[in-house]
Amino acid sequence: MSQIKKTYLAFIGGSGLYDLPGIQNLKEEEISTPFGTPSDKIITGEIDGKPIAFLPRHGKGHRFTPSEVNYRANIYALKKLGVTHIVSVSAVGGLQEKTAPGTAVIPTQIIDKTTGVRERSFFGKGVVGHVSFADPFCPELQKYISNACEQEKVKTHFGGSLVCIEGPRFSTRAESHSFRREEAVIIGMTAMPEAILAREAEIAYATLAFVTDYDCWKEETEPVTVEAVLAVLKKNVDASKRIALSIHKNIPLETKNPIFNTAEYAIMTDKN
Ligand code: ADE
């Protein structure tokens, strides 16, 4: 049975999104977890009486590579605060013509190409669980993101797969073409294991990705560089903040979600 919870929406900001405006009763929470320290202090507060939290994924000054981010500590700390929903904001490359630089993308699937160096589960050490992950993103939360993009009149693509690579290097041309053959629409470095840990923590999670480049598959376009990524991000940062605030405004004060009961069907270990 799906339980009703008071909504607590958090944003994990990626490259280019390091804060959110308009947060009232703002606090900076330093949270310790059994998995270590989160990427940064978590900003908490409220807007119009509704709680909101913000965590910059790469830490202040962008200090952690995608492989170095302590995803378990980040998700654990947000859970400890009582967060029920996470919108993960990230910069990505576009793998299809339709996901051109400047487009906001709400992917519906993930292809995980990370290499196993990232800690990717809260299970283990005596507790065995296998969560359902056929649909890695929360469809309910995606509706609020999609509506917010529409309200803010941002060119948006809904659906398709995000391929998550280990990085920190960008892809080779052969890799980029092979991801296109797999029909992925965007490429990033941080969706995994963030999405799986959110699911294990029974937090509704969805990604709002901003396309900054065409990776390196497109012959007539220069291969991606950090310079190009930063230039497009700079142009999109205001839009990403407006969309974030709009999602927060649209999400109801209370929510019911099957993801809140994930563990009920996942844990195999004897409870006694
Ligand atoms: N982030 C932004 N652009 C990217 C790309 N082309 N590949 C991986 N991550 C990215």
Side-chain angles (χ1 to χ4, degrees), residues 11-18 39 56-59 61-69 71 74 87-118 120 136-137 145 149 154-157 160-196 206-241 243-244:
F11 291 88
I12 300 183
S15 312
L17 185 65
Y18 301 106
S39 298
R57 181 185 292 113
H58 299 278
H62 208 115
R63 303 262 180 258
F64 301 110
T65 70
S67 315
E68 287 170 342
V69 170
Y71 297 94
N74 288 353
V87 173
S88 152
V89 184
S90 63
V92 296
L95 290 172
Q96 307 292 340
E97 296 282 357
K98 63 190 175 193
T99 48
T103 311
V105 182
I106 305 162
T108 43
Q109 280 296 327
I110 302 175
I111 301 174
D112 187 6
K113 304 275 183 186
T114 59
T115 59
V117 296
R118 307 176 187 189
R120 54 189 51 252
F137 300 115
I145 302 176
C149 290
V154 171
K155 189 184 164 227
T156 307
H157 175 84
S161 300
L162 177 161
V163 62
C164 182
I165 58 168
E166 186 63 51
R169 68 166 177 87
F170 293 115
S171 304
T172 65
R173 282 189 211 278
E175 287 165 342
S176 199
H177 285 295
S178 103
F179 302 147
R180 276 169 54 73
R181 284 193 297 274
E182 290 183 72
E183 296 182 358
V185 293
I186 50 174
I187 177 166
M189 300 182 189
T190 54
M192 287 298 284
E194 204 172 79
I196 182 64
T207 288
L208 168 62
F210 285 93
V211 181
T212 54
D213 54 86
Y214 269 127
D215 200 39
C216 60
W217 59 273
K218 205 166 158 64
E219 294 302 332
E220 62 275 30
T221 311
E222 285 294 308
V224 55
T225 61
V226 165
E227 196 186 1
V229 168
L230 290 176
V232 179
L233 275 181
K234 223 169 151 188
K235 281 195 214 148
N236 281 288
V237 68
D238 286 342
S240 65
K241 288 181 181 178
I243 295 169

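FYI, side chains are in, hydrogens and waters are out, and symmetry mates aren't considered; it's all heavy atoms of this structure. All ligand and atom numbering here is 1-based and tracks the order in the structure. One is the number of the first residue; the rest follow in order along the sequence.
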List the steps, then state whether side chain to side chain contact (heavy atoms under 4.5 Å, CB included) holds for Ser176 with Leu95.
-> CA-CA 7 Å; Ser176 199; Leu95 290 172; 3.8 Å; yes
Specify the closest pair of heavy atoms between Ile111 and Ala184, including all atoms of both residues, with the distance to one decimal.
-> CD1-CB, 4.4 Å
Between Glu166 and Ser67: side-chain donor-acceptor atoms closer than 3.5 Å | yes
Kindly state each residue pair satisfying salt bridge (charged side-chain N to carboxylate O under 4.0 Å, His left out) with at least one member in residues 105-116, sequence neighbours excluded.
-> Asp112-Arg120, Lys113-Glu182
Is any NZ, NE, NH1 or NH2 atom of the basic residue among Glu68 and Arg63 found under 4.0 Å from an Asp or Glu carboxylate oxygen of the other?
-> no
Please say whether more than 12 non-hydrogen atoms of neighbouring residues, nucleotides or ligands are located less than 6.0 Å from NZ in Lys235.
-> no
Any protein N/O atoms within less than 3.5 Å of an N/O atom in ligand 1? List the atom names and distances, or say none.
| from | atom 1 | to | atom 2 | distance (Å) |
| --- | --- | --- | --- | --- |
| ligand 1 | 1 (N) | Ala91 | O | 3.2 |
| ligand 1 | 3 (N) | Gly93 | N | 3.3 |
| ligand 1 | 3 (N) | Asp213 | OD2 | 2.6 |
| ligand 1 | 6 (N) | Asp213 | OD1 | 2.8 |
| ligand 1 | 6 (N) | Asp215 | OD1 | 2.8 |

